[in-house]
Amino acid sequence: MLYVFCGNDTSEVRREAFLLVHAKEADGARARRISSEEYVPGIFTDLLGAVSLFGEKEVYLIDTPSQASDMYEDVLQNLEAFSESTNTFLILETTLLAPEKKKFAKYAENLVEVKSATAVRYNPFSMADALASKDKKNLWLLLQDAKRAGLSAEEIIGTLWWQLKSLRIAKVTKNAEEAGMKDYSYNKTKRALSAFKVGEIESLSRSLLVVYHEGHSGVRDTDLALEKWILQI
């Protein structure tokens, strides 16, 4: 199954995409983000042919493939296969021209386009880097910048969750190939592990998940809970 999220309002586009990812995870699916840094030729063929040993459905968030021409071309060639897969493929893009949008819409279960008069551009993954280095002060300041840019708490949590997940994967793997990451990203993540105590990454992952679920269900104010979570790192 294929979903496409695009538009010049990047914060809202990402929010919509992460909401679907979280909904799929709540139903027991396993999620994985694939950016231009993680992309290697043939990766989509491998993912389309992969079957989980434990029977879970897989969710693959393909993040802005247009940032790398070879990745983008590979995505276009696999649109029909994505749509026919029993797993879920989410493509996250910026503004698509009419011919491109038509190609995606032909195979997508749903194409969500979010436009704004003034494009909102903010790179949420700077927060992921701050988290990886356990730079609490910078992470808190970046959180305020993200809020001013209009990013939702759900999107911010999603970004931080991806980083913690990458750290967990790097911790239990021996090389980039085993982790399904590019060498640069893997080595960077592997080095970041030294900043965390034993069990700390797992503890942070659990507590962040609690922030998301309790905020989503109305038990807590998500924004306040997220700030508290950051200050306790």
Side-chain angles (χ1 to χ4, degrees), residues 1-7 10 12-114 125 154-155 157-159 161-166 168-170 172-173 176-182 185-186 209 212 216:
M1 189 174 294
L2 173 64
Y3 293 88
V4 178
F5 297 85
C6 62
T10 56
E12 186 63 18
V13 169
R14 286 184 174 275
R15 187 187 75 83
E16 293 285 345
F18 277 119
L19 284 175
L20 181 55
V21 169
H22 289 313
K24 294 288 184 180
E25 287 184 317
D27 287 337
R30 295 194 312 170
R32 174 182 174 187
R33 172 178 170 264
I34 303 167
S35 67
S36 57
E37 290 186 346
E38 280 76 39
Y39 173 76
V40 291
I43 187 173
F44 299 131
T45 300
D46 293 340
L47 295 178
L48 285 162
V51 178
S52 172
L53 294 175
F54 302 101
E56 311 104 316
K57 294 297 184 183
E58 305 282 351
V59 178
Y60 300 107
L61 176 63
I62 304 173
D63 195 340
T64 325
S66 60
Q67 290 183 344
S69 59
D70 54 345
M71 181 181 183
Y72 191 64
E73 185 61 32
D74 200 358
V75 164
L76 292 178
Q77 291 176 359
N78 281 287
L79 290 178
E80 184 174 5
F82 292 155
S83 69
E84 295 175 348
S85 175
T86 56
N87 292 320
T88 301
F89 288 83
L90 284 77
I91 296 176
L92 186 60
E93 264 300 342
T94 54
T95 301
L96 292 174
L97 298 177
E100 297 173 303
K101 189 163 59 175
K102 187 175 180 180
K103 289 180 183 178
F104 284 105
K106 179 180 178 180
Y107 297 105
E109 178 77 12
N110 191 21
L111 187 150
V112 177
E113 183 176 19
V114 185
F125 294 103
E154 287 83 0
E155 179 185 352
I157 290 172
T159 299
W161 176 259
W162 285 117
Q163 181 63 283
L164 290 170
K165 185 175 182 179
S166 296
R168 295 198 309 273
I169 291 173
V172 298
T173 52
E177 182 178 3
E178 184 181 354
M181 300 167 66
K182 279 194 172 181
S185 298
Y186 180 78
L209 200 58
Y212 171 77
H216 199 61

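A quick note: this is a predicted structure, and the numbers were derived from the prediction, not measured.
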Exercise for review: For S36 and M71, work out which heavy atoms get closest and say how close.
Suggested key: CA-SD, 3.7 Å
Review point. What pairs with E84 under side-chain hydrogen bond (donor to acceptor under 3.5 Å, both in side chains), at least two apart in sequence or on another chain?
Key: none
Revision key, fill the gap. Closest heavy-atom pair, D74 versus G42, reported as atoms and distance to 0.1 Å, is OD2-N, 3.9 Å
Revision key, fill the gap. Distance col, row L48:CG vs N78:CG, nearest 0.5 angstrom, shows 5.5 Å
**Study point:** Heavy-atom side-chain contact between N87 and K57 under 4.5 Å
**Key:** yes
Check your understanding: What pair of heavy atoms forms the shortest contact from T64 to E93, and how long is it?
Key -> C-OE2, 3.5 Å
Point to revise | Close side-chain approach of E38 to D63, heavy-atom, < 4.5 Å | key: no
Exercise for review: Evaluate the side-chain proximity of K106 to K102: yes if any heavy-atom separation is below 4.5 Å, no if none is.
Suggested key: no
Check your understanding: Is there side-chain contact between V21 and W161, with heavy atoms separated by less than 4.5 Å?
Key -> no
Check your understanding: Taking it one step at a time, do R14 and T159 satisfy side chain to side chain contact (heavy atoms under 4.5 Å, CB included)?
Key -> CA-CA 10 Å; R14 286 184 174 275; T159 299; 5.8 Å; no
Exercise for review: Would you give the length of the straight line joining atom OG of S35 to atom CG of L92, rounded to the nearest 0.5 angstrom?
Suggested key: 11.0 Å
Practice item. Before accepting this row, confirm whether a basic side-chain N of the pair E100/K103 lies closer than 4.0 Å to the acidic partner's carboxylate O. Key: no
Check your understanding: What are the two closest heavy atoms between A108 and V4, and how far apart are they?
Key -> CB-CG2, 3.9 Å
Practice item. Consider only side-chain N and O atoms of Y212 and E25, and report whether a donor and an acceptor are under 3.5 Å apart. Key: no
Point to revise | Min side-chain heavy-atom separation L20-V59 under 4.5 Å | key: no
Review point. Is the F82 ring parallel, tilted or perpendicular to the F89 ring (thresholds 30°, 60°)?
Key: parallel
Point to revise | Side-chain heavy atoms of W162 within contact of F18, under 4.5 Å | key: yes
Practice item. For E113 and G7, work out which heavy atoms get closest and say how close. Key: CG-CA, 4.3 Å
Exercise for review: May I have the step-by-step check of side chain to side chain donor-acceptor pair (under 3.5 Å) for E80 and S83, ending in yes or no?
Suggested key: CA-CA 5 Å; E80 184 174 5; S83 69; over 6 Å; no
Check your understanding: How about K101 and L111: do any of their side-chain heavy atoms sit closer than 4.5 Å?
Key -> yes
Point to revise | Heavy-atom pair of closest approach, residues K24 and Y3 | key: NZ-OH, 4.4 Å
Check your understanding: Taking atom CD1 of I169 and atom CG of L164, what is their separation to the nearest 0.5 Å?
Key -> 11.0 Å
Review point. At what distance, to the nearest 0.5 angstrom, does CG of L96 lie from CZ of F104?
Key: 5.5 Å
Point to revise | Backbone of Y39 reached by a side-chain donor or acceptor of K182 within 3.5 Å | key: yes
Study note, to complete from the structure: One should read off an interatomic distance between I62 CD1 and R33 CZ, to the nearest 0.5 angstrom, of 12.0 Å
Exercise for review: Flag the pair R15 / L19 as yes when at least one side-chain heavy-atom distance between them is below 4.5 Å, and no otherwise.
Suggested key: yes
Practice item. Kindly compute the distance separating CZ (R32) from CG (L61), expressed to the nearest 0.5 Å. Key: 11.5 Å
